[in-house]
Amino acid sequence: MTEHTILAETTEVTSNFIRQKIDADTAAHKYQRDGLPSVITRFPPEPNGYLHIGHAKSICLNFGVAQSYGGRCHLRFDDTNPEKESVEYVNSIKDTLKWLGFDWVDAAGEEHLYYASDYFEQLYDFAEKIIEAGYAYIDSQDADTIRAQRGQLHEAGQNSPYRNRPVAESLDIFRRMKAGEFKEGEHVLRAKIDMASSFIAMRDPVIYRIRHVHHHRTGDAWCIYPMYDFTHCISDALEKITHSLCTLEFENNRPLYNWVLARLVEVGALTQPLPEQTEFARLNLTYAITSKRKLLQLVEERQVDGWDDPRMMTLVGVRRRGFTPESIRLFCERIGVSKADSWIDMSVLEQAVRDDLDEKAPRAVAVLKPLKLIIDNFPEGHAEPCKAPVHPHHPDMGERHFKLTKELWIEQDDFMAEPVKGFFRLFVGNKVRLRYGFVIECTGFDVDDQGNVIAVHANYFADSKSGTEGSNNYKVKGNIHWLSDASASPAEIRVYDRLFTDPHPDAGGKDFMQALNPDSKHVSQGYVENSIADAAPETHFQFERHGYFVTDRLDSKTGALVFNRIVGLKDTWKK
Ligand code: ATP
Ligand code: MG
């Protein structure tokens, strides 16, 4: 893989090599079949974990291509490994796909939800057919021996002593395997191709094995299960898929994909035109992990709070973090589709959500780490009405109203007892503007027994209110936000950051657990302005000066608000 990282906001929905192939196939009328669209794609997850950001690329590509050619895209669960699969994963994958804005129900209202396990009967029949035609045999050696005989990249494999087993004998054993007469590993069914092929996948691959395990859909009906390479191409053909898009690691399996389908045409089980596999580069995102197995390890070792931890690059995680479906689709559009593996920088994903939310998220004030401000010369009991637009570019979204009082909450970080060079906000003797309110001058502060600052004192200038003429007489460098008790609701604020500090946490077999960011989650008790006190779960805001936030979809309730930070206003990771 190239070490080159893509930072730029590159491609739009422009052409790519996949669209070019589809255009060529359409021009040649390759998939003209009665009553069927000329483009049928599929997204084929294995229900052995939660989808991650990498899957979003495949989903957007498969569903996107189908949509733009007036075709359809199937959701197919590739559920042939019963030990690792479950209904929990199936349901989550369906939810996530819908959340992203895609649907397996086509324009005509027809459902296209499939399971490879629905084809077990047909797959079995097809396997018998190719045994009968002499294209597959039962091998009775153990897995280690078979593996050892497979050879190396530049060294041919060895034929199995069972390779020339009579067809009738293979057929008989295969039927008895199905009937449950044997233990796991006693026999396997292998395709008879070429033990000297330059493609290791073509060296008599195993296509069926014995597994005495319960399947989440077929129960105990089967004790033999087909392998991926046999199942996938046949499932594609049975569903009349035209373009089977998959990631580059399957490139070496393409000859096998074509071999299986061609043999089935030969024996009269399938007809032309056949689906064709085209590979594209998988998404690798910096500062993230996109492997279900490693994500599972983070969950099991409790490095995160579950699959939907807002720091996880699972799609349930990014959703909970506050990324919108539009932002994920925008991200996938921007990264485009290519034939060469590369890294996409996390900032591209973060920028996509800023670009999506900037125009639509209502603005609000939130004080994340409150510190008391006392305006000593402010009239006791007075509440000065202040206002701000809900969105600076969209007056139609309305106004927010809040009251300025003698005591306010400001951000701890906006005050320094001993200001460092370049600090323009509150310190004794300095003036700042309280956004939408008055200019104040800091006069002192109170500390507790331990020396912690517990309150800041200031005086205000009554003729300095924002929006009045007098305000122009005051030139200040700092402009800070605030809330008064009269206009604020308490809220829990969860500030998240990237889960890893290393841009390539698992590259080259590195231990990604060593690269965990110890500062990826900060929880504080703060305040938000009252205008958003009724915010429903999963509502997005821009908190002024802080960034984009969302009400947590599970934990936030009226009266007990919880916000997650999605991203800051600017990229702070840039070097
Ligand atoms: P993992 O390696 O995380 O287990 P997988 O490839 O085994 O992922 P599947 O459920 O088999 O996961 O994947 C479903 C589809 O999503 C496949 O077509 C696969 O090629 C595609 N896909 C998986 N990961 C990525 C990725 N990082 N980028 C693009 N497509 C991906
Ligand atoms: Mg897979």
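All values reported here derive from a predicted model rather than from experimental measurement.
Here the NE2-CD distance, from H215 to E83, works out to 10.0 Å after rounding to the nearest 0.5 Å. To the nearest 0.5 Å, the span separating CG on D139 from CD on Q149 amounts to 7.0 Å. Here the CG atom belonging to L256 is positioned 11.0 Å from the CZ atom belonging to F199, to the nearest 0.5 angstrom. To the nearest 0.5 angstrom, C332 atom SG is 8.5 Å from K57 atom NZ. From R76, atom CZ reaches atom OH of Y119 across 6.0 Å, with rounding to the nearest 0.5 Å.
With no hydrogens or angles considered, a side-chain donor-acceptor pair links Y257 and D236 at under 3.5 Å. A side-chain donor from one of H243 and D25 sits under 3.5 Å from a side-chain acceptor of the other. There is no side-chain donor-acceptor pair under 3.5 Å between H52 and Y50. Neither side chain, T290 nor R282, offers a donor N or O lying under 3.5 Å from an acceptor on the other. Side-chain atoms of S140 and R165 include a donor-acceptor pair closer than 3.5 Å. A donor atom on one side chain and an acceptor atom on the other are found under 3.5 Å apart for Y69 and D23. In summary, the side chains of S244 and R42 do present a donor paired with an acceptor at a separation below 3.5 Å, with no hydrogens or angles considered. E266 and Y135 are linked by a side-chain donor-acceptor pair at a separation below 3.5 angstrom, with hydrogens and angles left out of the test.
In this structure, R211 forms no cation-pi arrangement with Y225, as its terminal cationic atom is not both closer than 6.0 Å to the ring centre and no more than 45° off the ring axis. Remark: R217 qualifies as a cation-pi partner of Y115 under the 6.0 Å distance and 45° angle criteria applied to the six-membered ring.
Considering only heavy atoms from C-beta on, L296 comes within 4.5 Å of W307 through its side chain. Within the 4.5 Å cutoff, the side chain of R33 has heavy atoms near those of the T242 side chain. Looking at heavy atoms from C-beta onward, L51 lies in side-chain contact with I59 at the 4.5 angstrom threshold. At least one side-chain heavy atom of R311 sits less than 4.5 Å from a side-chain heavy atom of D305.
Across every non-hydrogen atom of I207 and A136, the tightest pair is CD1-CB, 4.5 Å. Across all their heavy atoms, M195 and R163 have their closest contact at CG-NE, 4.2 Å. Here the closest heavy-atom approach between residue I200 and residue G151 is recorded as CD1-O, 4.4 Å. Taking all atoms of both residues into account, the shortest heavy-atom contact from T231 to A116 is CG2-CB, 3.7 Å. Taking every heavy atom of both residues into account, M227 and R209 meet most closely at SD-CD, 3.0 Å. For the pair R190 and S160, the tightest heavy-atom approach, listed with the atom from each and the gap, is NH1-CB, 3.8 Å.
A donor-acceptor contact shorter than 3.5 Å links the side chain of E85 to the backbone of N81. Side-chain atoms of N517 come within 3.5 Å of backbone N or O of R498 as a donor-acceptor pair. Distance alone, capped at 3.5 Å, places no donor-acceptor pair between the S92 side chain and the E88 backbone. A side-chain donor-acceptor contact under 3.5 Å links Y208 to the backbone of Y124. Of the possible donor and acceptor atoms, one in the side chain of N16 sits under 3.5 Å from a partner among the backbone N and O of R19. Side-chain N or O atoms of D194 include one that pairs as donor or acceptor with a backbone N or O of A196 at under 3.5 Å. Between the side chain of N48 and the backbone N or O of K84 there is no donor-acceptor pair closer than 3.5 Å. Although no hydrogens or angles enter the test, the distance criterion places no donor-acceptor pair under 3.5 Å between the side chain of H214 and the main chain of P82. Side-chain atoms of S327 do not come within 3.5 Å of backbone N or O of V353 as any donor-acceptor pair. The closest donor-acceptor contact from the side chain of K521 to the backbone of P310 lies at 3.5 Å or more, if one exists at all.
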Check against ring pair (Phe, Tyr, Trp, His ring centres under 6.0 Å), Y162 and H187: CA-CA 11 Å; Y162 295 96; H187 306 283; 8.1 Å; no

Could you check K192 against N164 for side-chain contact (heavy atoms from CB on, under 4.5 Å), going step by step and ending with a plain yes or no? CA-CA 9 Å; K192 191 172 184 176; N164 293 320; 3.4 Å; yes

With side-chain contact (heavy atoms from CB on, under 4.5 Å) as the test, would you mind laying out the steps for I146 and D204 before giving the verdict? CA-CA 10 Å; I146 292 175; D204 291 11; over 6 Å; no

L285 vs W343, test: side-chain contact (heavy atoms from CB on, under 4.5 Å). Steps then yes/no. CA-CA 6 Å; L285 189 62; W343 287 88; 5.8 Å; no

Could you walk me through whether E169 and Y137 pass side-chain contact (heavy atoms from CB on, under 4.5 Å), step by step? CA-CA 9 Å; E169 195 179 308; Y137 60 95; over 6 Å; no

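Using a 4.0 Å cut-off between a side-chain N of Lys or Arg and a carboxylate O of Asp or Glu, E132 and K129 do not qualify as a salt bridge. A salt bridge links D555 with R494: the closest approach of a Lys/Arg side-chain nitrogen to an acidic carboxylate oxygen falls below 4.0 angstrom. Looking at E538 and R319, a side-chain N of the basic residue comes within less than 4.0 Å of a carboxylate O on the acidic one, giving a salt bridge. Classification of D95 and K98 as a salt-bridged pair fails, no side-chain N sitting under 4.0 Å from a carboxylate O. Taking a cutoff of 4.0 Å between a charged side-chain nitrogen and a carboxylate oxygen, E276 and K21 qualify as a salt bridge. A salt bridge does not link E239 with R72: every distance from a Lys NZ or Arg NE/NH1/NH2 to an Asp or Glu carboxylate oxygen is 4.0 Å or more. Under the 4.0 Å criterion applied to side-chain N and carboxylate O atoms, R553 and D308 are not assigned as salt-bridge partners.
Residue Q152 places its CD atom among 12 or fewer non-hydrogen atoms of other residues, nucleotides or ligands, all under 6.0 Å distant.
Between H232 and F250, the ring center distance fails the sub-6.0 Å criterion.
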Could you pull out all donor-acceptor pairs under 3.5 Å where a side-chain atom in residues 171-179 meets a protein atom, sequence neighbours excluded?
| unit_1 | atom_1 | unit_2 | atom_2 | d |
| --- | --- | --- | --- | --- |
| D172 | OD2 | R176 | NH1 | 3.1 |
| R175 | NE | E128 | OE2 | 2.9 |
| R175 | NH2 | E128 | OE1 | 3.1 |
| R176 | NE | E181 | OE1 | 2.8 |

Show me the donor-acceptor pairs, under 3.5 Å and distance only, between side chains in residues 505-513 and residues at least two apart or in other chains.
| unit_1 | atom_1 | unit_2 | atom_2 | d |
| --- | --- | --- | --- | --- |
| D506 | OD2 | K294 | NZ | 3.0 |
| K510 | NZ | D502 | OD2 | 2.8 |
| K510 | NZ | H504 | O | 3.1 |
| D511 | OD1 | M513 | N | 3.0 |
| D511 | OD2 | Q514 | NE2 | 3.3 |

